[in-house]
Amino acid sequence: MTPPDDTTPPEAAAADLVGIGFGPSNAALAIAFEETAPHTAGEPRSRMAFFERQPAFGWHRGMLIEGATMQVSFLKDLATMRNPMSRYTFMQYLKTKDRVAEFINSKTLFPLRVEFHDYLDWVARQFDPVVTYGAEVVALRPVTVDGVVAHLDVEARVTGDDGEHTVVRRARNVAVGTGLTPRMPDGIQESRRVWHSSRLMDRAATIGDAPRRLVVIGAGQSAAEATDYLHRTFPTAEVHSVFSRYGYSVADDSPFVNGIFDPKAVGAFYGAAPEVKRQLLGYHENTNYSVVDLELAESLYRTSYQERVLGQQRLWIRNMSRVVAAAEHADGVRVTVKELATGTSEVIEADAVVCATGYAPSDPLPLLQDVVGECKRDDEGRLVLGRDYRVATSDAVRCGIYVHGAGSEHSHGLAAGLLSNTAVRSGEIVDSILSVLAR
Ligand code: FDA
């Protein structure tokens, strides 16, 4: 741990809660804090602050594909499962938009992704006074009082119209909700024509109206969506979907299996032995990882088959294959595809390559480097989290550090990186914060 640094001037009195990132996880936490924290210590809003590095609220904007739907029920919004009476539910959003009846008539639990984004944005706007956008948190500095770390100074680099400056906010509790980081395939870098799927929409708009050939790497939901999107958007382009599986595997969202995302499954998972946790993650990874919604897989199959019948093949499924090189040159990308069964390679001259190769949880350790020596780690070096998502620390740390979202999947299970349990989890974290503050 670095020496105590209680000379850093905080820009306001210590907040009860400072959140890093303002995606769905910390937005739900803001709601739970506002709705649960007692007003005796002042307005809950005046006791919390959030830093978000994007210039404005945005939830996976690069994948807001027209027609794409949510993979979770709208009832698993930011509040309903914890507090159905909340003013921040999806139903309240529909009411303010005057669309309740029309939404019901659509007979779906799964709204359009663009609609859910609008809902999240509607929530986020209501918290504008407590969120600083364009603010990347770069460090958490321990503040020591009487020999223990009582506070953390959350240091953010803020970029605005007037340039860059640093903001420091002192916190009694910090919630790390930094989500996911795009993962590129080994040996392939992002460039002008090689993109991660997280930037699909913005980058696709830069390649002109008539690309000849596009390559998508990956076999998960994002890969299938990108393939479908490019095929629809560029009606003269060939789209080559390259993956090492035999075929797109389908997501298991059957009711018994869906229970793995229930709040009570989180408790069961948390209490299980490491070996059982590993087994459960393995058994049920096909609820979320490298799998595609059945309807989309069927639709891509129909398209491919129809093109074959008509002798006008544009959609090429290159299964059992791997992209081993993607070399960008002045006019395109030379993509080398190796067929795994035969070991032979083929070169595709593409206008662009989309790497739908998934995400890794954002690593909280670099942010915590000034206190990491006091944080407990497991055999694999991961932070040990309590059931309440609080990082287990030595007695030298009194302030709370909470990690939620994808970064807690190893201890809390598959729901951690998804929206399913966000509302309930936020309530659990707020209860933990309030019980410590009350001591
Ligand atoms: P999320 O990644 O959304 O937000 C984290 C935020 O922290 C970001 O806004 C980021 O900018 C910010 N940040 C990171 N580091 C920072 C720093 N140092 N300083 C300041 N800010 C920082 N799940 C589901 O249940 N149903 C679904 O339908 C979908 N659909 C879906 C589609 C796509 C295309 C993707 C990629 C993912 C999904 N997901 C999903 C899963 C997804 O992880 C989930 O919906 C939420 O985004 C998780 O919310 P978080 O707030 O935890 O992370």
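Whatever order the structure lists ligands and atoms in, that order sets their numbers, starting from 1.
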**Q** Looking only at side-chain N and O atoms, does S432 offer a donor or acceptor that is under 3.5 Å from a partner on Y389?
**A**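 No pair is found: no donor N or O on one side chain lies under 3.5 Å from an acceptor on the other.
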**Q** Within the 4.0 Å heavy-atom shell around M63, which atoms of ligand 1 are there?
**A**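 Those of ligand 1 that fall under 4.0 Å from M63 are 34 (C).
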**Q** Hey, do the aromatic rings of F127 and Y88 have their centres closer than 6.0 Å?
**A**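 Ring centres of Y88 and F127 closer than 6.0 Å.
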**Q** For ligand 1, note which part of F116 has a heavy atom under 4.0 Å away: side chain, backbone, both or neither.
**A**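 Looking at F116 and ligand 1, no heavy atom falls under 4.0 Å.
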**Q** Is it the side chain (CB and beyond), the backbone, both or neither of A135 that lies under 4.0 Å from ligand 1, heavy atoms counted?
**A**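 Only the backbone of A135 comes within reach of ligand 1.
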**Q** Could I get the full list of salt bridge (charged side-chain N to carboxylate O under 4.0 Å, His left out) partners for R125, not counting sequence neighbours?
**A**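 Applying salt bridge (charged side-chain N to carboxylate O under 4.0 Å, His left out) to R125 gives D121.
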**Q** Are S25 and R425 close enough that a side-chain donor and a side-chain acceptor fall under 3.5 Å?
**A**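 Yes - a donor-acceptor pair under 3.5 Å links their side chains.
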**Q** Do H404 and N26 pair up side chain to side chain, a donor and an acceptor below 3.5 Å, judged on atom types alone?
**A**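 Their side chains do contain a donor-acceptor pair, which is all the 3.5 Å distance test asks for.
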**Q** As an exercise, identify every atom of ligand 1 less than 4.0 angstrom from a heavy atom of Q54.
**A**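 Result: 9 (O), 11 (O).
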**Q** Any idea which of Q71, Q221, E52 brings a heavy atom closest to atom 12 (C) of ligand 1?
**A**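 Shortest heavy-atom distance from atom 12 (C) of ligand 1: E52.
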**Q** For ligand 1, which atoms have a heavy atom of G417 less than 4.0 angstrom away?
**A**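 Counting atoms of ligand 1 from 1, those under 4.0 Å from G417 are 41 (C), 42 (C), 43 (O), 44 (C).
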**Q** Short list, please: which atoms of ligand 1 are under 4.0 Å from a heavy atom of L180?
**A**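 Numbered from 1, ligand 1 contributes 2 (O), 43 (O).
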**Q** Please report the C-alpha distance between Y248 and F243 in whole Å, then the side-chain angles of each, then the deciding distance to 0.1 Å, and finally whether the ring pair (Phe, Tyr, Trp, His ring centres under 6.0 Å) criterion is met.
**A** CA-CA 9 Å; Y248 291 117; F243 50 81; 4.8 Å; yes
